[in-house]
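Some notes on the structure that comes next.
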Amino acid sequence: MLSNSKLGFGLMRLPKDDTGNIDLTQVQYMIDSYMKAGFNYFDTAYVYGGSEAAMKAALVDKYPRDSYTIADKLPAWKLNSEEDVARIFNESLEICGVDYFDFYLLHSVEKKHYPTYEKYHCFEFIQEMKRQGKIKHIGFSFHDTADFLDKVLTEHPEIDFVQLQLNYLDWENGVIQSRKNYEVARKHNKPIVVMEPVKGGTLASFPENIEQIYRDYAPDKSVASWALRYIASKEGVMTILSGMSNEEQMNDNLKTMSDFQPLSKEEYNLIQEVVDQVLSYPTIPCTACRYCVPGCPLHIQIPDLFTAYNSAKTYGSNTRYNTYYKDHTGGDFNLASACVECGQCEGVCPQHLEIIKLLKDVAAEFEE
């Protein structure tokens with residue numbers, strides 16, 4: 001394997017302070033705890049607002065360079081010329097405060113972005129940076145069909161690893177295709193970095209009756225721990241990224257992965273029972289990546305409105321969820337019904353959600 005760190009620290013969802021800025025004090029504590037536990041894989045990206053700079057302050061400026069590994073990413077949607085490729089790469093190196101990246105990925109390779117990466121010779125660029133020693137291992141993150149993944153890996157056998165969305169809820173999902181993508185990566189013998197193992201926190205909290213299934217079997221294990229163990233039990237998985245947003249999540253993940261125990265057959269069956277029950281709820285499979293938010297002309301806080309909707313559908317409508325909806329549709333933020341159907345959000349959604357239609361469902365739930 002290219003990395004010996006089974007648990008990776010995903011830096012997309014860092015904790016925020018009361019002003020909405022990244023809470024560096026808390027980030028520092030979390031990174032210190034993570035490093036002390038013996039893990040060292042940090043995943044950031046050019047488009048994770050403030051993440052690269054926060055990592056520099058809390059990690060790069062405080063630890064020897066050979067004590068950690070950094071993964072960063074090049075975003076197709078920020079490229080307008082071939083010159084942008086080198087510019088963004090060098091900007092990321094400078095912001096992170098390092099001379100090289102241990103892992104560097106083309107961000108979200110999928111049908112709509114692949115032509116951009118080919119047009120601007122991005123695969124050739126990262127190979128050249130690898131030859132120059134500015135990248136140790138090259139790869140790409142992926143949100144598309146297994147057939148397309150097979151095509152990309154066939155056309156680019158030089159890739160060292162792939163990053164896939166794998167979790168037990170999406171394992172047989174016809175859109176995400178977790179199992180099928182996993183099998184393609186294994187066919188090409190590529191080490192796998194896993195993103196969204198807890199599906200943006202979705203697999204960390206369920207209705208009481210579902211959580212009880214896990215508690216009856218193992219009272220000392222958190223709900224989220226089952227999701228991590230499910231993926232960590234798969235062959236070929238190099239690192240599991242967890243977007244830890246607070247100390248509680250960090251400590252729970254460290255507990256799970258520091259003393260990792262593969263799932264038994266009985267535990268796999270238990271997870272399948274949970275999957276069957278969860279999929280019976282009519283919720284929106286949004287992971288709150290927030291890629292859809294910056295480009296919305298009406299400033300609709302789409303993931304927050306989906307959170308309110310999912311909560312109401314799963315736990316039953318009550319004042320709390322209506323208040324949450326109102327809190328995220330006031331001031332500069334618009335109601336779900338304000339959507340002008342421009343389609344910008346659907347163009348960047350890694351989950352390929354029909355957001356325009358779903359916003360109408362949200363509006364019907366809270367506005368009528």
How far apart are the C-alpha atoms of Phe161 and Phe103, what are their side-chain angles, what is the distance that settles it, and do they pass the ring-ring contact (aromatic ring centres under 6.0 Å, His included) test?
CA-CA 9 Å; Phe161 68 101; Phe103 302 89; 5.4 Å; yes

Backbone of Phe206 reached by a side-chain donor or acceptor of Glu211 within 3.5 Å:
yes

Salt-bridge criterion met for Glu128 and Arg131 (N-O under 4.0 Å):
yes

Please determine if Lys56 and Asp61 form a salt bridge, counting it only when a charged side-chain N lies under 4.0 Å from a carboxylate O.
yes

Can you pull out every salt bridge (charged side-chain N to carboxylate O under 4.0 Å, His left out) where at least one residue sits in residues 337-353? Sequence neighbours excluded, please.
Glu341-Lys360

Flag yes if more than 12 heavy atoms outside Asp332 fall under 6.0 Å of its CG atom; otherwise flag no.
no

Got more than 12 heavy atoms from elsewhere within 6.0 Å of CD, Glu158?
yes

NZ (Lys112) with more than 12 external heavy atoms under 6.0 Å
yes

Looking only at atom types and distance, does a side-chain atom of His113 sit under 3.5 Å from a main-chain N or O of Ser108, one as donor and one as acceptor?
yes

So CD1 of Ile300 and SG of Cys345: to nearest 0.5 Å the spacing works out to 8.0 Å

Using the ring-ring contact (aromatic ring centres under 6.0 Å, His included) criterion, which residues pair with Tyr230? Sequence neighbours excluded.
Tyr168, Trp171, Tyr268

Taking Ile210 as the starting point, is it possible to reach Tyr214 by hopping between hydrophobic residues whose side chains are less than 4.5 Å apart?
yes

Within the 3.5 Å criterion, strictly below it, is a donor on Glu172 or Gln177 matched to an acceptor on the partner's side chain?
no

How long is the gap from CD on Glu367 to CG on Leu305, to the nearest 0.5 Å?
8.5 Å

Can you tell me if Ser51 uses its side chain to pair, donor with acceptor, with the backbone of Leu11 under 3.5 Å?
yes

Is it true that Asp150 and Lys187 make a salt bridge, defined as a side-chain N closer than 4.0 Å to a carboxylate O?
yes

Start with the C-alpha gap between Leu105 and Val193, add the side-chain angles, then the distance that decides, and say whether side chain to side chain contact (heavy atoms under 4.5 Å, CB included) holds.
CA-CA 11 Å; Leu105 304 88; Val193 175; over 6 Å; no

Set of residues satisfying side-chain hydrogen bond (donor to acceptor under 3.5 Å, both in side chains) with respect to Arg186, sequence neighbours excluded:
none

Who are the salt bridge (Lys or Arg N to Asp or Glu O under 4.0 Å) partners of Lys6, not counting sequence neighbours?
none

Residues which pass ring-ring contact (aromatic ring centres under 6.0 Å, His included) with Tyr217, listed by chain and number, not counting sequence neighbours:
Trp226

Can you see whether Glu52 engages Tyr46 through a side-chain donor-acceptor pair at a distance of less than 3.5 angstrom?
no

Pairing of Lys255 and Asp252 as salt bridge, 4.0 angstrom limit
no

Check this for me, if you would: do Asp160 and Lys130 make a salt bridge, where the nitrogen-to-carboxylate-oxygen distance has to be below 4.0 angstrom?
yes

Lys73 and Asp43 ion-paired at < 4.0 Å
yes

Does Asp220 CG have over 12 foreign heavy atoms under 6.0 Å away?
yes

Would you check if the side chain of Asp170 reaches a backbone N or O of Asn173 as a donor-acceptor pair within less than 3.5 Å?
no

Sub-3.5 Å donor-acceptor pair from the side chain of Lys190 to the main-chain atoms of Pro157, do we have one?
yes

Is it the case that more than 12 heavy atoms not belonging to Gln132 sit under 6.0 Å from its CD atom?
yes

Looking at Asp304 and Arg290, is there a salt bridge between them, counting it only when a charged N and a carboxylate O are closer than 4.0 Å?
yes

Whether His352 side chain and His143 backbone form a donor-acceptor pair below 3.5 Å
yes

Between Asn181 (side chain) and Asp144 (backbone), is there a donor-acceptor pair under 3.5 Å?
yes

Would you call Glu91 and Arg87 a salt bridge, using N to O less than 4.0 angstrom?
yes

By the ring pair (Phe, Tyr, Trp, His ring centres under 6.0 Å) test, which pairs, at least two apart or in different chains, include something from residues 241-264?
none

Stepwise side-chain hydrogen bond (donor to acceptor under 3.5 Å, both in side chains) check, Glu273 with Asn269:
CA-CA 6 Å; Glu273 182 182 348; Asn269 292 336; over 6 Å; no

Give a yes or no on whether Lys180 atom NZ has more than 12 heavy-atom contacts from other residues, nucleotides or ligands under 6.0 Å away.
no

Not counting sequence neighbours, which residues clear side-chain hydrogen bond (donor to acceptor under 3.5 Å, both in side chains) with Thr145? List them please.
Lys111

Those residues at least two apart in sequence (or on a different chain) that pass side-chain hydrogen bond (donor to acceptor under 3.5 Å, both in side chains) with Asp66 are none

Is the backbone of Asn80 close enough, under 3.5 Å, to the side chain of Tyr120 for a donor and an acceptor to pair up by distance?
yes

Yes or no on side chain to side chain contact (heavy atoms under 4.5 Å, CB included) for Leu241 and Val194, after CA distance, side-chain angles and deciding distance?
CA-CA 6 Å; Leu241 298 177; Val194 175; over 6 Å; no

Okay, side chain of Ser5, backbone of Asn40: is any donor-acceptor separation there less than 3.5 Å?
yes

Got a salt bridge between Asp147 and Lys151, using NZ or NE/NH1/NH2 to carboxylate O under 4.0 Å?
no

How far apart are the C-alpha atoms of His156 and Phe123, what are their side-chain angles, what is the distance that settles it, and do they pass the ring-ring contact (aromatic ring centres under 6.0 Å, His included) test?
CA-CA 8 Å; His156 293 283; Phe123 285 93; 3.6 Å; yes

Can you tell me which residue pairs pass the side-chain hydrogen bond (donor to acceptor under 3.5 Å, both in side chains) test with a partner in residues 236-249, sequence neighbours excluded?
Ser242-Asn253

Do the side chain of Asp84 and the main chain of Ser81 share a donor and acceptor less than 3.5 angstrom apart?
yes

Looking at residues at least two apart in the chain, or sitting in another chain, which of them share a side-chain hydrogen bond (donor to acceptor under 3.5 Å, both in side chains) with Tyr63?
Asp32

Can you list the residues that meet the ring-ring contact (aromatic ring centres under 6.0 Å, His included) rule with Phe148, with sequence neighbours excluded?
Tyr114

Qualifying residues under ring-ring contact (aromatic ring centres under 6.0 Å, His included), relative to Phe101, sequence neighbours excluded:
Phe89, Tyr104

Is the shortest side-chain N to carboxylate O distance from Arg65 to Asp102 below 4.0 Å?
yes

Charged N to carboxylate O under 4.0 angstrom, Arg229 versus Glu267?
yes

How about CD on Glu94, more than 12 heavy atoms from neighbouring residues, nucleotides or ligands closer than 6.0 Å, or not?
no

Would you say the side-chain atoms of Glu266 and Ser264 include a donor-acceptor pair closer than 3.5 Å?
no

Check whether any side-chain heavy atom of Ile135 sits under 4.5 Å from a side-chain heavy atom of Ile138, and report yes or no.
yes

Asp99 with Lys134: basic N within carboxylate O range, under 4.0 Å
no

